[in-house]
Amino acid sequence: MNGAQAAGDVWDRNDLKLDGGRVIDRRVYRSKDIYQAELAQLFTKTWQWVGHESEVPAFGDYLTVQLAGRPIIVARGEEGRLRAFYNSCTHRGAMLATAAKGNCGGSFTCMYHAWSFDTAGKLESVPKAEAYGAELKKACYDSPAVRLDTFCGNIFVNIDGKAPPLDEFLGASKQHITEATEGQEVLGRVRWKLEGNWKLWHDNFRDNYHPMFTHQVLTFLYQGVEIKGENHDLGGGHSYMKFPPQGSGDSYAKFVQRLTGRAYAGAPAMGTPDKQAYHVIMAVFPNLDIQFGGGNGSPYSSYSVLEVVRPISVSEAIIEIVAFGHVGEPEAVRQERLESLLSIQTSSGKVSADDTEAARRCTIGLGASEAMRWSNMGRGQAPGMSGAKNDEYSLRGFYSEYKKYMGDILRSENN
Amino acid sequence: MIEVTDRSAIEPQARADAASEAAITRLIQRAARFSDEQRYVEWMDLFTDDCRHALITRENHREQGLYNYVDKGRLALQERVAYLLGVWHTPRGKTTHVVSVLDIEPAVEGAGARVVSNFIIARAAPAEDSKLYASGQYIDHVVCDGERWLIKERTAIIDSSFLPADFADLV
Ligand code: FES
Ligand SMILES: [Fe+2]
C-alpha cells in the first residue's frame, strides 16, 4: 500500500478491488445473494472432504453429510468399495439415515413405507408392490450416485458430474495431505458453531499475522524473537504455512503468575521450543484446513487435525474438527493423544476459542457502513506466490480462485 | 475412565456416611458457585494437587475417548484459570450452574467417593439475554485430606452434538 496516499483513499481505489487481489469486498461476508451463489457455484462444484476410510472400514459402514443443504450418504459395499448417493428416499423423499455414522447392515430401509436400498443407493425392494402393477420400474428409483473419490484415505465427494477429477483439483496440496494423513486413522470429531460467515474461519486459517496478538497463551512465543516461517499460495486456492516453535517459557510463566496472583513453576503447556519441530497450517480450497506437525522425533510432535467449515446461513457455520492418530501407535501414546490433541482446538480450546471470538466481532463490525467496503489482505509485496510467515499470499490465493468460481456476481453493485 | 453405568464393583448397600455426603454435596455446589462468581482461583483450590479436570462430548465418551481437554494437576488448572482471567481483555459472560447431585458412592478404586451429578448451565453474554450454554453430567472422584473434601478427578460430559461458538468458560 502506498504510504503517501491520503487516509481513506484505499476504500475507494478500484484497482484494489477483489480483481486486484489485495483487498476484499466485504459484501462477500454479508450478501445473501453471494451466499446463495456460493452454495450453487462453490459448494456443489468443488471436491468436499466428508470423511476418512478408517471411519467406515467394514461392509455396511456409512457416514452422512449435508453439502449445500443436500443430504448425502457415503457407504461401504460388500466388495469393499465406497460409494456416495443422496440420502433421500426415491419414493417420497424421507432421509434414509439420520445418524452421523453407523452400520446399515447391508441395506437402508426407509422408515416411512419401508422401501429398501443397497449400499450403492440401488432400490432393492418395495413392500406390497403389486398395487403399482407394471407401472413401477424399479430401476428408475435408484438414489442417484454422487461422485466420490479418495486421496490418501481421505474421502471426497463432488456434486458436480463435470468437475475436474480430484487428483487435478487437489494439485499441489496433495503432497502435504499425504504428509498429514498417511498411516493415520480418525480418533473422533468435535463440532461447534461459528457466529460468522464461513469464510472468516477459513481466512483465519490462512492468516498467520493474528496469533501473536489474538492468542494470549501464545504471545509469549513471540516476545523479543525474530519471527520465522513461510507462507505459500500453492495455486488452485490451496495454501501452506510452515513455522517453527520459538521463544521461551519464561514470559509464559509470568503471564500465568500475573493473572492468577500465584507463583507458577510449570513448563509451558503450549509447546516447548525445539529446533527440529515445525508446525504446518494448510488450507485446501475452499473449506478444508489441516494442521500438522513433526520434526523432533517425539511421538507427540507428530500430530494431525483437520477442520471442515460448512455454512448454515450467510452468518453462521458449523466447524468440525477431526482428530487423527498413527495406526498401531503404542497404547500410552494413543491415550496421551486422545487427552491432549484438542487442548488448544475447538471452541473450548485456549487458542481456537479466541479465533471464534474474533470471527464474531468481525461479523458485527463488517456490517458497520457501506463506506467501509474493503478488507485488506495486502501483507507481502514481493511478486510471486511465497513470502514470510505473516504475509498473505495464502489469503490472496484463496480469493483469486474464489473469484473464478463465483464469476459475475462479484462484479454486481447490488448484492 | 470410570463408566457412568458400571456399578458392578460396588456393594449395593455401601454408602458414604451422612456427614460426608453433606460435605461432598457442599463441595460440588461450591465448585459451581465459584465458577459462576468468576472466583476462579478459589475454584482451583477445590482440587487436589494431582487432580485431573476433563471435558468430553457424550459422542466421544461413547466412542474412542477423544477429550476436548484434560488438565492434569494444579499447574494445568492454573493455566486454565489464567486463560479465563486474561483472555480477550473483556469481561466474560455470567454463567449460572444448576447442579443436582444424583449419587454418592464409595470410589471403586482408592479412597474417597464417586459422585455423579447432572448440570445445566445458562450464560448471559454481555448485552444479550441468557442462553443455554451446556447440559450434561459430572463424574467426580472426591477425596478427603483429613479436613476438607477435594475434587481429585472431574470429567464433564457434554450432551450436545455441537458446542456453542465460545465454549471457553468453565463447564
Ligand atoms: S418415503 Fe421412503 S418408502 Fe415412502
Ligand atoms: Fe488463531
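Note: hydrogens, waters and symmetry copies are ignored here, and every other heavy atom, side chains too, is used. Every chain is numbered from 1 and lettered A, B, ... according to where its sequence line falls, protein lines coming before strand lines.
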*Quick one: pull up CG in A/L194 and CG in B/D166 and give me the separation to the nearest 0.5 Å.*
12.0 Å
*At what distance, to the nearest 0.5 angstrom, does NZ of A/K101 lie from CD of B/E63?*
4.5 Å
*Just by distance, do the side chain of B/Q78 and the backbone of A/T260 share a donor-acceptor pair under 3.5 Å?*
no
_Heavy atoms of other groups near A/Y209 OH, more than 12 under 6.0 Å_ = no
*Could you grab the distance from atom OH of B/Y69 to atom CG of A/L342, nearest 0.5 Å is fine?*
12.5 Å
*asked:* Given heavy-atom pairs under 4.5 angstrom as the criterion, report whether the side chain, backbone, both or neither of A/T346 touches chain B.
replied: side chain
_If I measure from the heavy atoms of chain A, does B/R62 come under 4.5 Å with its side chain, its backbone, both, or neither?_
neither
*From OG1 (A/T356) to CZ (B/F167), nearest 0.5 Å*: 12.0 Å
*Is there a salt bridge (charged side-chain N to carboxylate O under 4.0 Å, His left out) between A/E336 and B/K72 once you walk through the steps?*
CA-CA 11 Å; A/E336 177 61 24; B/K72 289 177 193 156; 3.0 Å; yes
*Go through the atoms of B/S161 and report whether side chain, backbone, both or neither lie under 4.5 Å from a heavy atom of chain A.*
both
*What is the minimum heavy-atom distance between B/L163 and A/S347, and which atoms define it?*
CB-OG, 3.6 Å
_B/L150, CG atom: more than 12 neighbouring heavy atoms under 6.0 Å_ = yes
*asked:* For B/G65 versus A/L338, what's the shortest heavy-atom pair and its separation?
replied: O-CB, 3.4 Å
_Spacing of CG belonging to B/L75 relative to CZ belonging to A/R262, to within rounding of 0.5 Å_ = 11.5 Å
_Options B/V171, B/V70, B/N68, ranked by heavy-atom pairs under 4.5 Å with chain A, top entry_ = B/N68
_With a 4.5 angstrom heavy-atom cut-off, is it the side chain or the backbone of A/A263 that approaches chain B, or both, or neither?_
backbone
*Give, as side chain, backbone, both or neither, the part of B/R80 having an atom under 4.5 angstrom from any heavy atom of chain A.*
both
*Examine whether an atom of A/L187 lies under 4.5 Å from a heavy atom of chain B, and if so say whether it belongs to the side chain, the backbone or both; otherwise answer neither.*
both
*Approximate separation, where rounding is to 0.5 Å, of B/Y83 OH and A/I344 CD1*: 10.5 Å
*Spell out, as yes or no, whether a donor-acceptor pair under 3.5 Å connects the side chain of B/N60 to the backbone of A/R189.*
yes
*Provide the closest heavy-atom pair for B/Q64 versus A/V186 in the form atom of the first, atom of the second, distance.*
NE2-O, 3.0 Å
